[in-house]
Amino acid sequence: MAALSSAMRGSVKPKADFNVKEDAMALSKAIKGLGTDEKTLIQVLTHRSSDQRQLICKAYQEATGKMLVKDLKGETSGNFTDLLVALVTPPAVYHCQQVRKALKGVGTENSVLIEIFASTSNKKIKELSDAYSKETQRTLTEDLKKEISGDFASAILILAEGKRDESTNVDAAKAKEDAKILYNAGEKKLGTDESKFIDILCHRSIPQLRQTLVEYNTISGRSLQESIEREMSGSLELLLVAIVKCVQSVPAYLAERLHKSMKGVGTDEGTLNRIMVSRSEIDMLDIRSEFKKLYNYSLHSAIQSDTQGDYEKALINLCGGDDA
């Protein structure tokens with residue numbers, strides 16, 4: 001969904017003089033013997049691209065006869081382990097695991113589903129869906145239907161099927177028409193026709209929706225986000241607001257998610273890890289910039305204040321160092 005393509009805005013880039021065997025042996029040496037050399041684990045795994053880390057996993061297994069992910073779990077602990085395991089897991093599989101975790105247990109973690117499906121492109125959703133089928137022998141939509149319901153389910157299922165239009169053309173007349181439909185379905189009537197909001201916000205292309213937001217503001221006198229917050233409640237409201245925020249700026253939305261994960265008592269390490277790992281090669285530099293703009297302090301300093309030890313060091317590297 002991000003407007004910016006390429007990995008130019010990522011904080012982690014492929015290592016130019018990459019030597020897979022050298023890295024695999026460095027990790028093996030860091031793990032075996034008395035004590036673990038966490039510094040080497042951090043240095044290697046946070047300074048290689050995801051594709052390079054997958055090659056390291058393969059070379060590590062060929063050289064040692066062991067799975068790197070298992071050795072990392074055995075030799076490290078806590079949040080640091082979770083972060084390292086996320087780094088060596090293929091991105092689509094990692095997102096698949098995050099969705100599975102959100103769906104299982106007592107109650108569904110709707111906030112995780114909202115974040116993933118509101119901020120992820122059709123291509124990445126297709127990869128996630130394929131990984132889900134491979135891991136579970138079930139379809140993603142099949143499992144979503146079992147765990148969520150109502151209008152929230154209708155919207156999530158459209159997103160999970162990757163049905164958003166990906167055209168870059170903007171039809172100004174269509175944007176005006178959609179803005180009127182949304183106004184008539186919400187602000188202008190008693191009660192709200194949620195289906196109109198779901199249809200337009202989950203199907204239209206991102207450039208088209210940006211124009212629709214402008215037209216809606218002109219017609220209504222308030223932003224579409226404000227109208228959704230006035231007219232709706234619960235998980236559907238949170239999802240549609242997240243979509244609107246992502247239409248405006250995925251990095252700003254994710255900066256807000258990171259801030260929320262670290263503010264107050266306790267840290268939501270699941271959200272912190274997920275965003276730091278999954279966006280490190282996509283738009284972390286933009287997320288850092290938006291974070292500073294929104295909160296007047298750096299993402300780097302937020303991580304330093306809220307985490308510690310090897311976990312903190314690894315996150316700082318994924319952040320791309322100091323941006324104070």
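Heavy-atom basis, side chains included; hydrogens, waters and symmetry copies ignored.
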Check whether any side-chain N or O of [X] sits under 3.5 Å from a backbone N or O of [Y] as a donor-acceptor pair, and report yes or no.
{"X": "Arg288", "Y": "Cys319", "result": "yes"}
{"X": "Arg9", "Y": "Met284", "result": "no"}
{"X": "Ser167", "Y": "Asn169", "result": "yes"}
{"X": "Gln52", "Y": "Lys15", "result": "yes"}

Going by atom type alone, with no hydrogens or angles, which donor-acceptor pairs under 3.5 Å involve a side-chain atom of residues 259-266 and a protein atom two or more places apart or on another chain?
{"residue": "His259", "atom": "NE2", "partner": "Tyr297", "partner atom": "OH", "Å": "3.3"}
{"residue": "Ser261", "atom": "OG", "partner": "Leu258", "partner atom": "O", "Å": "2.7"}

From Ile56 atom CD1 to Leu87 atom CG, the distance as rounded to the nearest 0.5 Å: 10.5 Å
Between CZ on residue Arg230 and OG1 on residue Thr192, distance to nearest 0.5 Å: 10.5 Å
Residues which pass ring-ring contact (aromatic ring centres under 6.0 Å, His included) with Phe18, listed by chain and number, not counting sequence neighbours: none
Side-chain ion pair, Arg48 and Asp23, N-O less than 4.0 Å: yes
Any pair counted as side chain to side chain donor-acceptor pair (under 3.5 Å), so long as it reaches residues 309-321, sequence neighbours left out: Thr46-Asn317, Asn273-Tyr311
Under 3.5 Å, side-chain donor or acceptor atoms of residues 60-71 against the rest of the protein: list the pairs with distances, not counting sequence neighbours.
{"residue": "Tyr60", "atom": "OH", "partner": "Asp71", "partner atom": "OD2", "Å": "2.5"}
{"residue": "Thr64", "atom": "OG1", "partner": "Tyr60", "partner atom": "O", "Å": "2.7"}
{"residue": "Thr64", "atom": "OG1", "partner": "Lys66", "partner atom": "N", "Å": "3.1"}

Summary of salt bridge (charged side-chain N to carboxylate O under 4.0 Å, His left out) pairs that have at least one residue in residues 192-206, sequence neighbours excluded: Asp178-Arg204, Asp193-Lys196
Let me have the donor-acceptor pairs involving side chains of residues 236-254, under 3.5 Å, with sequence neighbours excluded, atom names and distances please.
{"residue": "Lys245", "atom": "NZ", "partner": "Glu256", "partner atom": "OE1", "Å": "3.2"}
{"residue": "Lys245", "atom": "NZ", "partner": "Glu256", "partner atom": "OE2", "Å": "2.7"}
{"residue": "Ser249", "atom": "OG", "partner": "Ala252", "partner atom": "N", "Å": "3.0"}

Test log, rule side chain to side chain donor-acceptor pair (under 3.5 Å), inputs Glu187 and Ser227: CA-CA 7 Å; Glu187 291 282 354; Ser227 291; 2.8 Å; yes
Polar side chain donor-acceptor pair, Glu166 to Asn122, under 3.5 angstrom: yes
